[in-house]
2 protein chains.
Amino acid sequence: MRATDVTAAVPGSPTWWLERQAREARRRPRADGLSTERIVDAALALVDAEGLDALTVRRLAEELHTGSASLYRHVASRDELLVLLVDHVLGEVRHPPDGTDGRATVEVLSNELRRVLMDHHNLVPALTVSPLFGPNALLGTERGLAGLLDAGFPPDVAVPAYLALVDFVLGTVFFDTSSTGQVSGLTHERHELLAAFPADAFALLRARPDDVSLPSVDDVFAFGLATFLDGLEHRFLPSDGTAGPR
Amino acid sequence: MRATDVTAAVPGSPTWWLERQAREARRRPRADGLSTERIVDAALALVDAEGLDALTVRRLAEELHTGSASLYRHVASRDELLVLLVDHVLGEVRHPPDGTDGRATVEVLSNELRRVLMDHHNLVPALTVSPLFGPNALLGTERGLAGLLDAGFPPDVAVPAYLALVDFVLGTVFFDTSSTGQVSGLTHERHELLAAFPADAFALLRARPDDVSLPSVDDVFAFGLATFLDGLEHRFLPSDGTAGPR
DNA sequence: ACCTGAACACCGTTCAAGT
DNA sequence: ACCTGAACACCGTTCAAGT
């Protein structure tokens with residue numbers, strides 16, 4: 001451990017989180033009141049109210065009655081701020097009480113992850129900035145993995161299942177929040193668009209799904225979660241309805 | 001339909017695609033050679049080589065030996081360009097031959113969608129800019145939905161299944177490409193990070209998954225896809241192994 | 001009609017100078 | 001030691017002037 005290693009770790013990486021924690025503990029700020037916590041709170045309020053593009057360093061500084069340079073005392077870059085915001089939001093996940101059974105734990109955590117991200121949907125594109133190694137992300141991983149193991153899945157199933165599940169939850173959040181929020185032409189606006197193509201193209205999209213009510217994004221999420229968990233139990237649990245080894 | 005409706009539709013929406021197609025047909029460019037196609041090709045090459053941040057209007061103009069203002073003859077904004085790039089990349093999906101059975105079609109298309117997006121991983125964050133209503137996206141939806149119906153699922157299952165599947169594929173792509181590309185602490189770098197927390201916190205993450213080989217991102221994708229499709233068949237097809245009605 | 005140089009109104013970030 | 005005004009090197013986009 002060198003005394004002054006100025007080379008910056010990539011924001012969001014494990015070493016970045018470690019270095020950041022050390023640096024934060026070492027600070028002795030003046031009594032002017034500016035702190036990382038205040039910055040994060042103000043930034044989140046701004047993102048929620050006006051969108052991610054409105055979060056500029058200058059605008060945030062204005063909101064906090066300082067100059068933009070002052071923010072760089074607490075946060076090394078805009079990307080670092082986004083990493084902090086994402087983990088802050090993950091902290092809003094409500095964990096199920098101890099003793100909740102395995103599958104219910106997984107379902108609650110999946111729904112909660114989706115809920116908090118949808119509550120702060122303007123922040124969602126920031127999830128692509130970095131991997132998720134913040135303390136709140138780690139807690140979610142710990143609990144989610146525990147739920148799958150408790151449900152009876154062996155570790156070599158629980159680990160990929162956990163990762164696939166997170167991919168699915170985050171995928172739904174991404175595409176339910178991307179601009180107008182409907183993926184791939186399955187929406188009611190599409191008819192005039194299809195009319196611009198030759199009559200025999202996209203026969204299915206023209207016919208469907210008018211005879212089927214288009215599911216809401218929440219329905220799609222619930223459907224996908226239930227189907228994935230059922231597939232998991234069908235493939236890897238000895239028999240339905242009874243829990244595996246603990 | 002008014003003669004001159006100058007109010008711009010939101011890039012990527014059905015009406016935007018329609019208006020764009022009309023405008024492109026109406027153009028009569030000079031012989032200088034600049035065209036939307038050349039712009040898109042140059043932009044994709046730039047993104048692939050140097051990343052999405054390197055795609056600035058000025059830099060792209062330089063690459064094409066013009067001034068930045070000239071690009072605005074063909075593309076109304078940087079966001080419009082991103083929309084065009086995404087649908088262009090979706091055009092690289094190789095569709096299975098006619099006569100391929102339902103489940104195989106769904107598997108091939110899922111793998112292809114993942115493949116082309118991973119091939120242009122620098123473009124992935126641009127997927128959040130808008131919904132997917134381009135001609136290539138529509139074709140994918142048409143074929144994917146057809147595959148699920150052909151596999152024997154009724155429309156009220158095939159539609160949410162299709163949407164959930166796209167969410168999953170895109171979710172994996174997002175998080176396999178986000179910076180260092182590992183989600184939620186399940187990576188080998190994490191040990192020193194965990195050491196910074198109290199010894200009884202994250203017991204599971206400390207112990208796991210050293211006794212289990214950490215799956216690759218491709219393994220997680222294959223695992224999730226197989227599990228979801230198995231769950232779908234288990235829940236909604238009368239018996240395993242035999243196709244439903246067609 | 002089509003094209004574009006030059007300007008406008010911003011950005012994130014740095015650094016020398018202040019306390 | 002901590003803080004910050006002012007500057008640097010960029011952005012996307014517009015528009016009047018040119019052909």
Side-chain angles (χ1 to χ4, degrees), chain A residues 3-4 6-8 10-12 22-36 38-39 42-43 46-47 50-85 125-126 129-130, chain B residues 3-4 6-12 22-36 38-40 42-43 46-47 50-85 125-126 129-130:
Chain A
T4 51
V6 196
T7 58
V10 43
R23 206 176 316 117
E24 196 81 15
R26 210 186 304 126
R27 301 195 84 246
R28 271 188 296 142
R30 290 186 187 163
D32 69 337
L34 199 57
S35 68
T36 303
R38 277 191 62 217
I39 291 172
L46 188 54
V47 170
E50 302 185 33
L52 199 54
D53 288 344
L55 181 66
T56 69
V57 177
R58 285 168 151 87
R59 173 66 193 281
L60 181 57
E62 190 181 306
E63 218 75 31
L64 291 162
H65 308 101
T66 7
S68 61
S70 300
L71 299 186
Y72 287 85
R73 286 280 104 204
H74 301 83
V75 173
S77 68
R78 185 176 184 271
D79 272 358
E80 281 206 5
L81 180 56
L82 293 179
V83 169
L84 294 174
L85 282 175
V129 170
S130 77
Chain B
T4 52
V6 197
T7 57
V10 43
R23 207 177 313 116
E24 197 82 15
R26 210 186 302 125
R27 300 195 88 247
R28 270 186 299 142
R30 291 185 187 165
D32 69 336
L34 198 58
S35 67
T36 302
R38 279 192 59 219
I39 292 171
V40 167
L46 188 54
V47 169
E50 304 185 31
L52 198 54
D53 288 344
L55 180 66
T56 68
V57 178
R58 284 168 152 87
R59 171 69 191 279
L60 181 56
E62 191 181 305
E63 217 76 30
L64 292 162
H65 310 101
T66 10
S68 62
S70 300
L71 299 185
Y72 286 87
R73 288 277 105 204
H74 300 84
V75 172
S77 67
R78 185 175 183 271
D79 273 358
E80 283 206 3
L81 180 56
L82 294 179
V83 170
L84 293 174
L85 282 175
V129 169
S130 77

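Quick note: numbers below take in every heavy atom, side chains included, and nothing from hydrogens, waters or symmetry partners. Numbers restart at 1 for each chain; the letters A, B, ... are given by sequence-line order, proteins then strands.
In the set D:dG5, C:dT4, C:dC11, C:dT4 carries the atom at the smallest distance from any side-chain atom of B:Ala69. When the nucleotides D:dT4, D:dT13, C:dT14 are ranked by their closest atom to the side chain of A:Ser70, D:dT4 comes out on top. Here the side chain of A:Thr66 is nearest to one of C:dG12, D:dT13, D:dT4, namely D:dT4. For B:Arg58, taking side-chain heavy atoms from C-beta onward, the closest of the listed nucleotides C:dC11, D:dC2, D:dC11 is D:dC11.
Rounded to whole Å, the distance from CD on A:Glu80 to C1' on C:dG12 is 13 Å. For B:Leu64 and C:dT4, the CG to P distance is 12 Å, given to the nearest whole Å. Rounding to whole angstrom units, OH of residue A:Tyr72 and C1' of D:dC8 are separated by 13 Å. A straight line from CG of B:Leu71 to P of D:dC15 spans 18 Å, rounded to a whole angstrom. With rounding to whole Å, B:Arg78 atom CZ is found 15 Å from D:dT14 atom P. Atom-to-atom, CG of A:Leu60 to P of C:dC10 comes out at 17 Å; the value is rounded to the nearest Å. The CG-P distance, from A:Leu55 to C:dC10, rounds to 17 Å in whole Å. If you measure from atom CG of A:Asp53 to atom P of C:dG12, you get 10 Å, rounded to the nearest angstrom.
Of the possible donor and acceptor atoms, none in the side chain of A:Glu50 sits under 3.5 Å from a partner among the backbone N and O of A:Leu46. Judged by distance alone, with hydrogens and angles left aside, the side-chain atoms of B:His74 form no donor-acceptor pair with the main-chain N or O of B:Ile39 at under 3.5 Å.
Salt bridge annotation for B:Glu63-B:Arg59: present, with a cationic side-chain nitrogen under 4.0 angstrom from a carboxylate oxygen.
Nucleotide D:dA6: paired with C:dT14 (Watson-Crick or G-U wobble, both distances less than 3.5 Å). Judged by Watson-Crick or G-U wobble contacts below 3.5 Å, the nucleotide D:dA1 has C:dT19 as its partner.
Nucleic acid contact class of B:Arg73 (heavy atoms, under 4.0 Å, all strands): base. Using a 4.0 Å heavy-atom distance criterion, B:Ser68 is classed as a base contact.
Closest of all the heavy-atom pairs between B:Leu52 and B:Pro125 is CD2-CB, 4.0 Å.
Between the CG atom of B:Leu85 and the CD atom of B:Glu80 there is a distance of 12.0 Å, given to the nearest 0.5 Å.
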